[in-house]
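Report on the following structure.
One is the number of the first residue; the rest follow in order along the sequence.
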Amino acid sequence: MDDYFRAFEHRRPPEPLPYSPAREMLWQFLATISLVVGAWYLGWRWLHSLNHDAMWFALPLVLSETAAYLGLILFVCNLWKDQAPTVPDAPALIEDVDPAAPDPGRPISIDVLFATYNEDPELVRLGLQDAKRLDYPFPIDVKIHVLDDGKRPAMRAVAEEEGAGYITREGNEGFKAGNLRNAMEQTSGDFIVICDADTRPFPTLLARTMGYFRDPKMAWVQTPQWFYDLPEGQRLPDRLARRFGRAGERVGHGIERILGEIRVGQDPFVNDPQMFYDVIQRRRNPANAAFCCGAGSIHRREAVMEAALRSFGELVERRVIAAEEEITLESRERRVNPALMEAIRTEAVSEVVLTPYRFHVSEDIYTSIVLHSDRERGWKSFQHPFVESKMLSPQDFLTWTIQRFKYAGGSLDILVNDNAMFRRGLTLPQRMMYGATFYSYLGALWNIVFLFSPVIYLFSGIAPVSAYTNDFFVHVVPFLVMLELAMMVGTWGVAGYASKASYLSFFPLGLRAIWTVLRGQKISFPVTPKDRQSGNFLKLVRPQLGVLVLTAAGVVWGIAALAFADTEHTLTGVVTNALWGLNNCAAMAGIILAAMWQPPEESEEEGH
């Protein structure tokens with residue numbers, strides 16, 4: 001394991017994207033034009049373009065386009081406004097972060113918690129050693145703890161050798177959330193830093209984030225997660241040189257002179273989180289809607305415990321009311337005996353579990369919603385722009401699949417079963433920001449229509465529009481062009497194609513998550529493996545392979561029908577759907593190659 005980490009120790013995280021008021025204004029202008037043109041296009045689609053002879057095809061497509069447009073509105077609202085990256089001055093004493101503290105003059109106390117279950121103890125040791133190097137301009141009380149749900153003697157030994165506390169428990173109720181709750185019962189720091197087993201904090205983590213807590217309403221600060229072991233890939237000339245010698249190298253250099261630097265095998269699973277943290281999350285700060293993402297976050301203990309007590313009280317009250325209604329219905333009495341009600345309340349208190357972090361597969365975002373909806377306290381959150389720790393990326397396609405299904409299923413479970421969007425206390429901007437997150441996981445429903453629509457046309461010649469005429473292109477092309485321009489400016493230089501392709505090819509996992517939640521099945525708490533899982537994972541991308549094969553066959557069939565058969569195919573229809581289908585194939589190809597990806601040999605990695 002030491003050899004694995006040593007290969008990446010030289011890497012440094014990227015700086016936050018710089019803020020530009022001029023670029024922000026240009027983005028807002030282009031985004032507005034895109035939405036207006038998009039509304040114009042959709043209006044035309046509904047009123048003038050439907051193929052009424054094939055409504056079974058035309059209606060699902062226009063509904064999917066409308067659903068995607070609603071998602072675009074939410075995404076534009078999310079990206080609307082940014083702010084310059086800043087680092088507030090670090091507080092020195094407890095009264096700097098809590099003016100009502102009963103013991104002014106004492107140093108701030110912080111608990112750094114490493115949650116682990118079955119990960120290699122030597123992996124956790126690296127994080128503990130880095131945590132001991134945390135730097136701060138003033139004396140503060142920092143305690144480091146290992147929260148071991150695996151109850152392993154080897155993990156206890158590592159904690160003792162590194163001078164960290166070791167906390168475990170009898171069972172594993174609530175998994176990570178339960179592990180954190182157990183630790184909070186045995187610690188007392190004013191603030192809590194949450195780390196996963198593979199989190200390696202930088203020395204600046206506390207010095208550059210604690211300043212936000214000068215605002216007594218600041219409940220938590222999330223820092224960007226950065227995967228320092230992402231495959232960097234090989235330059236195209238080098239890859240071609242290995243296969244075809246000097247001739248291949250010359251071809252590679254020629255291609256790069258036209259298209260710029262190309263790397264083969266770079267970040268095959270599209271794990272680079274910069275788009276999410278530096279663009280999406282950061283722009284939720286003005287709406288006070290940046291949510292917690294677990295590892296790398298700093299929490300005010302008072303806020304977490306207060307939210308837990310509030311949820312505890314609400315659950316108890318719900319149980320009491322339900323029991324009272326049941327008794328009055330059965331007995332037909334208007335009132336329940338006060339002594340019986342007191343007994344019911346006592347039983348409810350004993351049965352309901354106090355959960356600082358909700359026992360949920362997505363406990364981080366759920367806790368965020370609970371805190372944001374507390375209008376009485378007005379808790380705030382902030383996405384810190386600077387990377388303050390490093391973590392391991394999913395090492396293989398199976399691990400990636402487990403993680404993404406957990407994200408999708410957990411978010412949809414909150415949306416469907418906890419009515420999160422309509423929770424009292426959330427502001428309209430917060431609802432829209434959370435809505436953008438939850439709504440994105442419904443995208444599989446319309447993405448599957450976008451993937452198979454060109455296939456249907458190419459095989460059948462039946463079009464979802466009345467005709468592929470100039471009128472169609474006059475409406476659709478300006479929208480697509482303006483949208484692409486707006487997104488290029490709006491993402492401020494972070495490449496977006498890989499993310500869009502990954503989102504499109506995510507459809508099998510998305511559909512499975514939706515079906516799992518609708519059936520009422522519980523989303524499990526799988527621990528994301530930290531070691532590479534060996535084997536071939538093509539069986540996990542059979543649906544994507546199906547899209548690729550069907551689309552390729554459809555293109556051949558459409559061209560043949562156009563050339564040799566008397567069908568309803570038209571030249572513009574075949575060309576339009578072939579290009580659409582090939583774009584879909586390019587998106588599927590990325591995830592198929594990821595399933596086949598193997599890490600480079602050591603000599604190859606060191607040479608490039």
Side-chain angles (χ1 to χ4, degrees), residues 16 83-113 130-145 165 180 183-184 186-195 199 201-224 281-282 284-310 356-357 364 367-368 370-372 374-389:
Q83 52 194 192
T86 58
V87 176
D89 294 334
L93 300 170
I94 185 63
E95 58 263 34
D96 295 332
V97 294
D98 183 8
D103 49 352
R106 72 167 173 85
I108 298 166
S109 60
I110 301 172
D111 290 316
V112 182
L113 308 180
D130 288 339
K132 291 193 294 184
R133 301 187 188 101
L134 288 170
D135 191 21
Y136 203 77
F138 308 105
I140 56 173
D141 182 15
V142 177
K143 291 184 173 67
I144 304 169
H145 305 274
L180 291 169
M184 290 185 69
Q186 301 182 51
T187 58
S188 58
D190 303 308
F191 295 91
I192 300 164
V193 179
I194 296 179
C195 300
T199 304
F202 295 153
T204 55
L205 172 63
L206 296 178
R208 297 207 294 191
T209 59
M210 288 301 297
Y212 298 110
F213 293 102
R214 287 180 175 275
D215 183 343
K217 293 185 179 295
M218 187 64 66
W220 78 91
V221 172
Q222 178 67 52
T223 66
Q281 270 273 82
R282 193 171 118 183
R284 295 184 174 194
N285 283 335
N288 186 31
F291 60 82
C292 173
C293 302
S297 57
I298 304 95
H299 301 240
R300 186 187 295 269
R301 179 185 291 266
E302 175 194 4
V304 176
M305 290 305 299
E306 189 173 288
L309 289 169
R310 187 179 293 274
Y357 294 95
D364 38 23
T367 303
S368 302
V370 171
L371 286 164
H372 276 146
D374 188 347
R375 191 71 67 86
E376 184 180 332
R377 288 301 303 266
W379 292 117
K380 298 179 182 177
S381 65
F382 197 84
Q383 173 63 49
H384 179 62
F386 294 88
V387 175
E388 303 294 354
S389 63

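- A distance of 11.5 Å separates CD1 in Ile298 from CD1 in Ile192, rounded to the nearest 0.5 Å.
- Just one residue in the list Thr223, Leu205, Thr86 forms a side-chain contact (heavy atoms from CB on, under 4.5 Å) with His384, and that residue is Thr223.
- Remark: of the listed residues Asp111, Asp190, Asp98, Asp111 is the sole one forming a salt bridge (Lys or Arg N to Asp or Glu O under 4.0 Å) with Arg301.
- The main-chain N or O of Ala92 is found under 3.5 Å from a side-chain atom of Asp96 such that the two form a donor-acceptor pair.
- Put simply, OG1 on Thr209 and CZ on Phe191 are 9.5 Å apart, with the number rounded to the nearest 0.5 Å.
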Could you go through the salt bridge (charged side-chain N to carboxylate O under 4.0 Å, His left out) check for Lys143 and Asp141 one step at a time? CA-CA 7 Å; Lys143 291 184 173 67; Asp141 182 15; 2.8 Å; yes

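- Under the 3.5 Å distance criterion, the side-chain polar atoms of Arg284 are left unmatched by any main-chain donor or acceptor of Phe291.
- From Lys217, atom NZ reaches atom CG of Leu371 across 12.5 Å, with rounding to the nearest 0.5 Å.
- From Ile140, atom CD1 reaches atom CD1 of Ile110 across 4.0 Å, with rounding to the nearest 0.5 Å.
- Contact annotation: the side chain of Thr204 never approaches that of Phe386 to less than 4.5 Å [non-hydrogen atoms, C-beta and beyond].
- Looking only at distances, no side-chain donor or acceptor of Gln281 sits under 3.5 Å from a matching main-chain atom of Phe382.
- When atom types are taken as modelled, the side chain of Arg282 and the backbone of Pro85 share no donor-acceptor pair closer than 3.5 angstrom.
- With hydrogens and angles disregarded, no donor-acceptor distance shorter than 3.5 Å links the side chain of Glu95 to the backbone of Pro104.
- Inter-residue side-chain proximity for Ser188 and Ser109 is flagged as unmet; no heavy-atom pair is nearer than 4.5 Å.
- Using modelled atom types, no side-chain atom of Ser297 and backbone atom of Ile194 make a donor-acceptor pair closer than 3.5 Å.
- Side chains of Ser381 and His372 form a contact here, defined as non-hydrogen atoms less than 4.5 Å apart.
- A 4.5 Å side-chain heavy-atom check between Pro91 and Tyr136 finds at least one atom pair inside the cut-off.
- Rounded to the nearest 0.5 angstrom, Ile144 CD1 and Leu134 CG are separated by 6.5 Å.
- Heavy atoms only, all atoms of each residue included: Val387 and Arg208 are closest at O-NH2, 3.8 Å.
- Between Asp364 and Cys293, the shortest heavy-atom distance links the atoms OD2-C, 3.4 Å.
- Taking 4.5 Å as the limit, every side-chain heavy atom of Glu306 sits out of range of all side-chain heavy atoms of Glu376.
- Proximity of Met210 to Pro88: side-chain heavy atoms (C-beta onward) are nowhere separated by under 4.5 Å.
- In this structure, the separation between CH2 on Trp220 and CD on Gln383 is 11.0 Å, given to the nearest 0.5 Å.
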